[in-house]
Asks: 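Okay, here's the structure, questions in a sec.
What you see is a predicted model, and the numbers here were worked out from it, not measured in a lab. A, B, ... follow the sequence lines: proteins, then strands. Residue 1 opens every chain.
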Amino acid sequence: MSLYNFGLEPLSCHAWNKDRTQIAISPNSNVVHIYQKSEKGWNKIHELTEHSGRITGIDWAPVSNRIVTCASDRNAYVWTLKEDAWKPTLVLVRINRAATCVKWSPQENKFALGSGAKLISVCYFEKENDWWLSKHIKKTICSTVLSLDWHPNNVLLAAGSADLHCRVFSAYIKDIEERPGPTPWGAKMPFGEMLLEHKDCGGWVHGISFSPSGDRLAWVSHNSSIGVADAPAGKEVTQLTVEHLPLLSVLFVSETEIVAAGHDCCPYQYSYKGPGNLQFVKKLDVPKQSSRSGTSAMQHFRNLDKKATTEEDQNELDTLHQNSITQLCIVEGPKSKVNKFSSVGLDGAMVVWDFKVGVKNNENTIFLVFSRHKKEILTASTATVSVIKQ
Amino acid sequence: MRKKAAVCFHTMSKNTVSDRFRKVDVDEYDENKFVDEEDGGENQMGPDEAEVDALIRQYPFHPLSCWGPNGNLMEALQAVLKNPPINTKNQNVKDRAEGLVLKVLSSFKSSDIEKAVQSLDKSGVDLLMKYIYKGFERPSENSSAVLLQWHEKALTAGGVGSIVRVLTARKTKSSSNLRKHQFTLESIDVVRLIFK
């Protein structure tokens, strides 16, 4: 588990390159920064400055090494690396409202863009005219599309929207691909066909994710709940209410395990084993063991001097992230067995989490936490706590 | 002279043109206005008043009944949380249900509240939370004190998630303003500040 702070601005979105040595992030502005990993942390190597509105989505295609960005200026650009500089190509998305999210398809020959114009724009490259074209999916969508995810077959697309529904559409474009075979979601898949519409997810559907096989679909909505639709089981939907603040992002890390995070600033693990069987497993953030157990007299007086209080530092949350987590992304491992995933949040921090199925939370793991307030490095294991000064 | 000056000020402070336009709700006339689907709630009559009353009434007269001294109040609680009039447009039914719930909640002894909350399932706790907030909207003598005690126990059982569900529930009155999205986002911070 490691945390890196990219500054004071919230991180709206992030995307990794193929070997995870570079990360593209947007600090809540109209610019995308690309950082390169080094021993000491991350160094900024590129700045992508074509958008005029706040960037709402970034996705980096691992194989073809192209980045797609979308922003509230109603545009999307596809960036290609030419001679160590990223060159943008405008995509004609033809939307009259802000774009909200963007995702490359698994085979990277097209991407889907959600927008506030109550439609999804599926964009592909037309070789003859050398430009990116788009086709719109509008059927029954009544409000902003908030989240998108592709099915592994490169054709089906799940969308969560602010009209409290989550849907699965077909984004089959016959100009660029073969007709897909039947799936548990349906057999006939012309472009724009709706294969699932779950009404009333309880709240705006902030995050959505297909399972590695594509047979299940998980989403999280604003009424603090998580839902899973199971295609082979007759598209049956199982919903679980959550005791925490609403979740914003959800990710399948194996065929049955789901990780979700949001306004509670920490990722949670859920397990789906069949219709009606969706359960909370555990909180994935290891609690920061405070120095309560080993407060020296020196510490006591330092607190008194700095903050005029003998109480513990009340200003920090006891989770790694100090503000809501906005997006989760797979870092290492195939989709069916994820080893590491990353989270970015409104606190400007990016954390890479290790994930192991079946490991209990209270193993003796040692982790480093950089405490910004006290400028000390706290090392803690579950057994002992010690404070090392910088 | 002074009187004239006073009159002059009065007329100066009034608008010389009509200000009725300020009362127009422009969102109503928007063609693309998001219209929520509302299921019919004609058959929802709320909890059975007679049943609940009977159960409450039994309480003081049978302190040693076979269900234990508080047995029937627990049953009353379960009964009053049945058939919530969520979808009905009939305000009377809703008011009656609220009143009945408040009656049951007030009949409990403080020390028994925790056990009562624990006897409810997840959706029961969520529903209880909704009724508690509804009760806060219209305080009567001592009702808020009782409701606050119940709120504390319900919060321990349901977590802040149950409060978020009160705010995002589509059919409750408090949520009709929340369709304007920014309100609920701010309320996340409020919930975090108050309850954490």
Asks: Heavy atoms only: give me the nearest T241(A)-K122(B) pair and the separation to one decimal.
Replies: O-NZ, 3.3 Å
Asks: Around K138(A), counting heavy atoms of other residues, nucleotides and ligands shown, do more than 12 lie under 6.0 Å from its NZ?
Replies: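 Atom NZ in K138(A) is not crowded, with 12 or fewer foreign heavy atoms closer than 6.0 Å.
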Asks: Near R94(A) CZ, under 6.0 Å, is it more than 12 heavy atoms from other residues, nucleotides or ligands?
Replies: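 For R94(A), atom CZ is crowded (more than 12 foreign heavy atoms under 6.0 Å).
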Asks: Within this structure, what is the OG1-CD distance for the pair T156(B) and E243(A), rounded to the nearest 0.5 Å?
Replies: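 Going from OG1 on T156(B) over to CD on E243(A), the span is 10.0 Å.
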Asks: With chain B, which of S225(A), S224(A), P246(A) has the greatest number of heavy-atom pairs at distances under 4.5 Å?
Replies: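 Sorted descending by pairs with chain B, the first entry is S224(A).
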Asks: Side chain, backbone, both or neither: which part of L240(A) has a non-hydrogen atom closer than 4.5 Å to chain B?
Replies: side chain
Asks: Is the backbone of V242(A) close enough, under 3.5 Å, to the side chain of R165(B) for a donor and an acceptor to pair up by distance?
Replies: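 Confirmed, R165(B) side chain pairs with V242(A) backbone.
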Asks: Heavy-atom distance under 4.5 Å to chain B: side chain of S221(A), backbone, both or neither?
Replies: neither
Asks: What's the shortest heavy-atom distance between N223(A) and T168(B), and which atoms?
Replies: CB-OG1, 3.1 Å
